[in-house]
Amino acid sequence: MPEKTYKVVYERKNCIGAAACAAVAPEFWEMKEDGKADLLGHQVDEHGNQFIILKEGQLTKEMKKAIDLHKEAAEVCPVQVIHIYDADTGEKLI
Ligand code: SF4
């Protein structure tokens with residue numbers, strides 16, 4: 001089976017600083033001094049959104065849960081500014 005690639009996109013401008021993401025997935029989310037979260041290791045896209053690319057096969061053993069943790073963060077965010085896409089098909093998963 002081909003390795004799946006995921007894209008996590010975070011609309012930082014709409015974050016209300018609820019810190020739910022950092023609570024469920026502190027490995028990937030950090031609260032900053034301006035009260036908003038940062039997606040750790042992010043790049044910034046043309047819309048000013050933060051994003052990271054996760055390749056399933058490249059995740060270390062401890063990171064195998066990464067996709068699930070990101071899904072959890074996306075689900076608990078009260079303003080739904082965290083999105084997960086299948087990077088190959090562009091399908092929005094969350
Ligand atoms: S859960 Fe959502 S609103 Fe809260 S800090 Fe994270 S991204 Fe921002």
Side-chain angles (χ1 to χ4, degrees):
M1 237 175 74
E3 154 182 303
K4 259 187 170 279
T5 305
Y6 298 89
K7 185 176 185 184
V8 180
V9 179
Y10 165 46
E11 300 169 75
R12 190 178 199 274
K13 62 179 182 300
N14 294 325
C15 169
I16 58 167
C21 53
V24 299
E27 302 89 332
F28 301 111
W29 297 91
E30 183 175 78
M31 299 310 294
K32 305 304 279 187
E33 279 178 8
D34 65 358
K36 295 182 183 233
D38 256 5
L39 176 55
L40 295 176
H42 69 266
Q43 295 174 263
V44 178
D45 70 15
E46 68 274 23
H47 308 292
N49 295 330
Q50 297 184 357
F51 73 95
I52 56 167
I53 302 290
L54 293 174
K55 284 187 188 292
E56 217 168 30
Q58 286 181 0
L59 302 177
T60 63
K61 201 174 174 196
E62 303 80 59
M63 294 277 283
K64 284 282 183 198
K65 289 193 303 187
I67 305 295
D68 286 341
L69 279 173
H70 277 295
K71 284 182 180 164
E72 210 175 320
E75 279 162 7
V76 297
C77 174
V79 285
Q80 299 176 328
V81 294
I82 302 169
H83 312 286
I84 303 176
Y85 296 88
D86 180 321
D88 299 313
T89 65
E91 182 192 354
K92 191 170 190 286
L93 304 173
I94 292 183

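Sequential numbering from 1 along the given sequence is applied to the chain's residues.
Side-chain atoms of Tyr10 come within 3.5 Å of backbone atoms of Ala37 as a donor-acceptor pair (strictly under, hydrogens ignored). Under a 3.5 Å cut-off, the side chain of Lys36 and the backbone N or O of Lys13 do form a donor-acceptor pair. Counting only distance, with no hydrogens or angles, the side chain of Arg12 and the backbone of Asp38 share no donor-acceptor pair below 3.5 Å. No donor-acceptor distance shorter than 3.5 angstrom exists from the side chain of Asp86 to the backbone of Gly90, with no hydrogens or angles considered.
Residues Leu39 and His70 have side chains in contact (heavy-atom distance under 4.5 Å, counting atoms from C-beta outward). Residues Leu69 and Phe28 have side chains in contact (heavy-atom distance under 4.5 Å, counting atoms from C-beta outward). Counting heavy atoms from C-beta on, the side chains of Val8 and Tyr85 never come closer than 4.5 Å. Counting heavy atoms from C-beta on, the side chains of Leu93 and Ile84 come closer than 4.5 Å. The side-chain heavy atoms of His83 and Lys92, taken from C-beta on, include a pair separated by under 4.5 Å.
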- [ ] Take Val9 and Asn49, measure what side-chain contact (heavy atoms from CB on, under 4.5 Å) needs, and give me the verdict at the end.
- [x] CA-CA 7 Å; Val9 179; Asn49 295 330; 4.0 Å; yes
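Within the model, atoms SG of Cys15 and CD of Gln50 stand 9.5 Å from one another, a figure rounded to the nearest 0.5 Å.
If you check the side chains of Glu11 and His47, you find no donor sitting under 3.5 Å from an acceptor.
Cation-pi geometry between Lys7 and Phe51 is satisfied (NZ or CZ under 6.0 Å from the ring centre, within 45° of the ring normal).
By the 4.0 Å N-to-carboxylate-O rule, Asp88 lies too far from Lys4 to be salt-bridged with it.
The nearest pair of heavy atoms linking Ile94 to Ala74 is CG2-CB, 3.5 Å. Considering all non-hydrogen atoms of both residues, Pro26 and Val24 come closest at CD-C, 3.5 Å.
Hydrophobic clustering (side-chain heavy atoms under 4.5 Å, transitive across Ile, Leu, Val, Met, Phe, Trp, Tyr) groups Val81 together with Ile16. Linking ILVMFWY side-chain heavy atoms closer than 4.5 Å, directly or via other members, places Ile82 and Val76 in two distinct hydrophobic clusters.
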